[in-house]
Amino acid sequence: MSPSACMHHQTQQQQQTHVGPFLERELTILSLLCTQVSNKRKSVEGFAAVEVDLLTTLTELLEKHVNLAVNVDLVAEASAVISKREMRMEQWLRPGSTGSERVAALKLGLEAAGILLFVVTSPGIDASVVSEDAIEAAFTLLRHNLAKNLIPALNNTGHRLAAQEMDEKKGLGASARKKKRRATDGGESNMLMKELRKVYKPIALMIPLQITLMSRIEDAIRTLFLDDQLILTLTSGALDALEIEAAQSTQNPANRLQHATIGLVTAVFAKFPAHRSSIIEDLFPLMLRLPSSKRTMRACLVQYSSCPSKHSSQSLMTSLYSSMLTNGQEPHYIQMITAMLLSLVQCCVVRPTFDVDNNDEQLLSGLRGCQSVAETFAIHMLQRCSRKGEDGGASEFRPILGNLVDDLLLVMMIPEYGAAQMVLFACTLGLSKDIITASRTSSASDTVVETTYANTAFDILGRICAAYAKILAFQRDRELHKTVEIVSEENRQLRCYCKRNNFTDALMVDCDNCHLWYHAQCVGLNRDALPHEWICDACSLQANMENEMETTSRSIVDTGFIINRVMEKHLKTNRGYRVASHCHLAKWVNELHSKSQQCQTTAEKESYKQAIGGILETWNKKRCYSNPKHWFTFEGGARALLTQTASYSNFMKSFNNLMGLMLKLMNDKAHASLRKLSIKAIEKVVEADSKLMLLPKVMEAVSERLSDEAISVREAAVSLVGNYVVKSPPIANAFHSHLIPRLLDPGVSVRKRTVKILQDILVSNPHYRGRSDACDKCLQRASDPKEDEGVREALHGLFMNLWLSDEGEAAIPAGLQPVSPSRNASSLAASKSPSSIEAQSVASGVVTPTPPMDARATRSKHREVGKRRSELAAEQMVATVKTAGTNEHLGNFLRELLCNVNDSDKGKKAAERLKRQKIAEKQCFSLVSALFELLLTTEERRGELGNAIGGELVATIRTIGCFSDVSAQSVLKHLSIILPYIKADNGLSVADESAVASAACDILFRVIPILNSNEIQNLCSGSLGGDLVKITYKFGSGALYSAIRALCTIAHFDETGEGSIFGKKLLNLATTFYAFLFKHANRDDYSNPGLKNNTLRLLSGLGSLCHHHEVAVEASTWNEEVDVDEVEEIDLFETSELNWNNVPIACFRLFMKYLEKSDIGIRCAALRALSGVFIAHPRLMLSCAQCGLIEALMSSESPLELQLTALTCWKEISVSEEKRIDSGEAKKKMDSKKNITTSKKISGDQDGDSTLVGGVLTKQTTRLFEMTQSKEANLRIASLELLGQLLRQGLVNPNEAVPYLLALQGDVENTVVRKFALRLLTVEGEKRPDMLRQRVCAGVKQACRFQRAVYPTKETSALVKKLKGARIHMECVFDDVFRECILSSRKQREGLYRNLLAMFERVEPVAKEPTSSAKKARSRRSSIQEPPDVGADLSLLSFAAQMLAYLPYSSAGDPLFIQHYVGSVVALQGPQLQDRLAAFLRPHGLASADELDEVNDGEDALERAARADAPSKSHDAVPCRSEKFDWFGFADLCKEASSLALLLRLKKFLRRKYNLSTQKCLEYTPDSKDKTFFRNFISRNDHMPLFDSSIVLVSNDLTDEDKDLLIHHYAVFRRHMRDEFSHDDADLEDSDDDGKGSRRNSIGGNTGMVAEAVGVPVPEPVPEPVPEPVHEDPPQGGLPPAEGEAAVVSAPELMQVEEAETTKKRRGSSASAAGGTKRRRSSKARGDVVPSSAVL
Ligand SMILES: [Zn+2]
Ligand SMILES: [Zn+2]
């Protein structure tokens, strides 16, 4: 049937009223016809053949159908029917019923619209046959059907629409409806939903019609001239189709509908550049409505048919992205919106042209349009992501951007989506720009880039960069075969991509050209379809290249060129990739052009131009300029794709820029957050390609961050490094030196992570170069008592795992090199899984001539592994001890691990520790065996090691020594190996020999107590005694001590005693030593160095002997002993009188004699020797204390060295006493001693003796405290060490000690002292936080005094400068204490502020008071003596104010509290003081005559005077110069005024530093339960000028300069008071303050008063804030003024301070009655003020 015949037939039909003039059948035939015509458009004439009139009639009829259908609103109509309950849906839809008629009308309308548009777009048709209205109606029908029918039906949302509509009809708001619906008609809604589903079915069936209509409209848009408005409405309406939750199948109608939509919108986009921006903007609101559930979000299947080898490309993407992208798992899907976006960008491609204006030199890229679209989109997108508010908000757009980027990364290599790269580059650029902006803005001021946005940006950039890195890594590792090497056919060689190099029985193919072999499977061939001829990729490439060179210049044809050419052909020969192929070509042309730009010769340029010309010539043609001959193989295609992507210049540029940006931001000085984020981003990148970590640039940047100032950054860096050091030994070595310091990091999390990393390294690589250093540092950390419990656990875990674990295999890494080949080789071979050895030998057919397996090799595998582990551990331990140079760290650690289970540990942890301990104990035996084995090995290697053997032996024996300490039993059976070393003839250097002997003696000392008498007997028969004695003659003090100790221990062993060989040796030794010293006892000339040396040695030896020589001495004898007045009276024993029992007494007398020598070295040695006697006989020490010896030694009159020695000795005595009690040694010894009678046991109670020592030392605490404040730094340290020991034992009242320790925080020059004191404070602070806080005021005073005494030439200041980056940063000296002890508790913090501020408070306004002397007396009794220099107490206030200004507050609540408190103090005292000042000045005419006037409503005369150069001489200050003017009275008032002014400045300073608004300050009350003040992170203004802590400090004789100063302070006070009481109603503070600040500066400039103008980054020392001339006064007047003199001037100040002191003390202890009342009054006063000021 021809079209015209059909027309005739239809016009005759009777018109139908409801569904239109045509019958369904007729329309179906018509549209079928259309399809046929369109399929053979060229051969069939189609509608052009039909008469115009007839056609017009047809179109008019069709238009009727369309118009009818436009009004069909199936979902709404059906829901109306349902809700009116007229009939069931089945009925409504039954043929003949209304519903079915409506369905038919819609269907026919759609069909008619399709036909209409087909007609109008048919070639040769007169445009007038179709009215514009008809076309518009067809467009409208498309939108309408989509919005009213398809979307509700497909998304199943009809019931919601219906409900909405009903609400509107009823005039109900949506919210009211919602409530109602939920309450009542849920059932109804469900029913509606269910019924509506029946209507959805016929609607869904109409999707194909809709799709046809869409494609016809697409044609119409291409061919017809249409109204702009019509098109825009159409596209925005059509876009809604993407809202549909389509299934992922490409067969799904909804899915197809969406693809059709993409086609339609793209057609519009391509044709109307003017509409592009509005279409792009339409995308954004749409994005918020897209399906978001995981299942339906991504519905667009990624087809790989545009890739050279479809399947291998797909699997390439899978292996690239499956772990990286959310949609990386096969099958791959992207979002429809992404597909839409890419289609839109791509369709803008045009044919590149040469710029004619520019002499054809410049190429106009074909991608300009695409790029501008991509950029516009990226800008819009990022704007929406960065800003809050607006449509949807940033928080909704950020995940959308993330999803989009995932999609783009997935498809960026696929030619079909060539635009993906462009969009990615545009986004990358935009994000990078935003991040750079963020890094440029200063931290405090602007918030241009939000932190959350920065997070998103870094996250996305990191992802992109990581994906790029992975592509590059893949390209590096899986390169396309490019070079051809021809081999002969017989010589079978495998060169498959899979890199397996053995032939298998799988199907193999060989290249017909080069005859290299491939696995068929690897190159995509299967048995059923083997080609006749097969060429490998390298050969194809070469063949193509040769072919190409026929048409293109040789110089420019390279692999990339050929790949592009093959790609071109592939895209051109496949249908549907017209746009994609244009994109590909445009990109290629760009690349070629940019290459040509770099060419030097014109000939080369010309050949590029030719090649470009060739490409452009065939731009729209199916054929290529030169047809490539061969395809790539299955595998080669994917590799070619990789090569092409990775070599694309923009891609590399983008990657390099990204890496550069991140590395640069890792060094961003101002923003820790950016540094951290960039580390996180780099972490992602390195995860994708770990080789990047080895780039020097990356390594450098990362290692720098390991010592970043911010904990979070360091932690991030450590975790980044941690991921890689384990995998790669070179990285581990490179980072070692940076990683180790992190063990001392202040951040607990950083330390923990570092330990974990070191553990990983050490376990996986036991021969790691830095192992012993790492182990040693870890041991030190583990035995540091201040280490965090969690970190300690981690450290214990590390060593347990490394050295003491008994479980084998898991941690044993493969391929270890044994250290000693001779000894370990056999065990190593055996431990290498035997089965593999067997297998190998079978395979090779060679029987290894193994000697009969020795016992070791036949042991079970498990045992072997355990054995090897302990050998390894032994090696590591010895190496560690060797590196450390001491076994102290290892010893401490082992002791803690094995002996120190705290009873206080509860529950699981303790149980775990116990379990661990058990395991460790068990391991000790095998470890010790391994150590001895190692010792023997070392001996065997003597020749090989040469001189180095000494160090090895020392370290090994020392390591064994550690075990003898914790588990003597384990060493016992090897004792015979140790004994020879005591002979000290090992052929080592003297130093090594001595160390070996000393270590061996120590082992002996530990083992002796567990020997039995037989074994002792054996020892007696050997040369041991003689050896020990020899050591004492031969070596220095260390070995001497060890030998004597060992000898004493063995001599005092149970049954031996005096009579045994060792006893005799001991007594002989003592006699020898004694004889020498006795002989020279009366000599006092030690100019002979030999003699002196000998004397020193023997004193030390005899001292140690006394220490360990355990004979009992009746306590009463000691009293007689010390009862000697003069040295001359000491009656020395003759050498011959010396016997076993009188050694202590004889030595004591001898030492006393030596103690009085004039040579200081000898005296110290004597004192040390004496302390040996003291340790053995504590009662002697008591007696000595009673006769004043101890005090005399410590007194300031005794020489410094002696004082130092005394302190160290006392500490030693105290420590060893403590140890003796703790270990129960004292008790054990006592029980075992048979020669002590029961009565002696009771009287000489040894436990009691330890308290004797304590008691003796406690008596000396006053002097000890004095010593902590000594000018001598050494003495300060030594006294602190003793103090620490006494504090630990509870022998010193911490209340008294704390102020001194706090004072040492002011020891700004000596960091050792500061740190030491801080450690002690922290310990105390943990025990008694209240006490610490209460003593802070006393500490502040003491600190002030300390600084003045120890650093008399320096200003006292509570501040220290710290360099933070390039900025100087002021820190309070108490910062560390504050952080460690006080910061964590709000109660403690506020208590501290109160205590400090109380120093400023004056309870009584009038100073002189009868009780003041009594009070003074009381304060004298306090531990800290009030100094005579009273003027200094004002500088105390300055000190306290500095402290309050700079403490490291962590929440806004703290500064708020302080400013509030200041407010109330000032509110109470300020007005009173003003009145008193006015009353004082009134007689002189300097204040208003009327008492009732407001005293401070403006500048007064003296303030004006203050602005003059010399205020006291100025015109305004004339009255002051009168005789009657009481300058001293004025000075007192001014001092008070200046302290209040100081407070007011503090308040202002805090407000500005912590950005506290007036509003916030007013809202704040200290009692408020509002936690927000404390939870808020504090914002700190780091660019504050230095706090001005100046205060009136005038000399006693009041010079003119002093008078100027007084007037100045008076003026400052008045001004601040005016500010304080005026600014409350308006927030003029800042501008106000700035103005005045500058004025103040000008004053300060004149008087040298204020040093506020400190620039921000100051490289040089910051000028001190305190006035120079004034403060220099006291030193000028010689030493601190005499007591009486000072008291005259500053009685009120003294009062004030005393007041504070007593108040605080009362708070600490129980209040005395008199003080109590005062205290109550002051607190009452404060109580009154608080609410009133809060109201203000
Ligand atoms: Zn293979
Ligand atoms: Zn080949």
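Every number for a ligand or one of its atoms is a count from 1 in the order of the listing. Heads up: numbering here begins at 1 and tracks the sequence.
Here C511 contributes SG and C514 contributes SG, and at the Zn ion (ligand 2) these two atoms make an angle of 110°, given to 10°. Around the Zn ion (ligand 1), the angle linking C496 (SG) with C522 (SG) is 100°, rounded to 10 degrees.
Among the backbone and side-chain atoms of H515, no N/O/S atom is found under 2.8 Å from the Zn ion (ligand 2).
Here the N, O or S atom of H519 that is nearest to the Zn ion (ligand 1) is ND1.
For H311 and Y304, the ring centers are positioned 6.0 Å apart or more.
Taking the centre and axis of the six-membered ring of Y608, the NZ or CZ atom of K595 falls outside the cone set by 45° and 6.0 Å. Taking the ring centre of F425 as origin, the terminal cationic atom of K653 falls outside the region bounded by 6.0 Å and 45° from the ring axis.
Under the side-chain contact (heavy atoms from CB on, under 4.5 Å) rule, T338 has a single partner from V405, L410, D407, which is D407.
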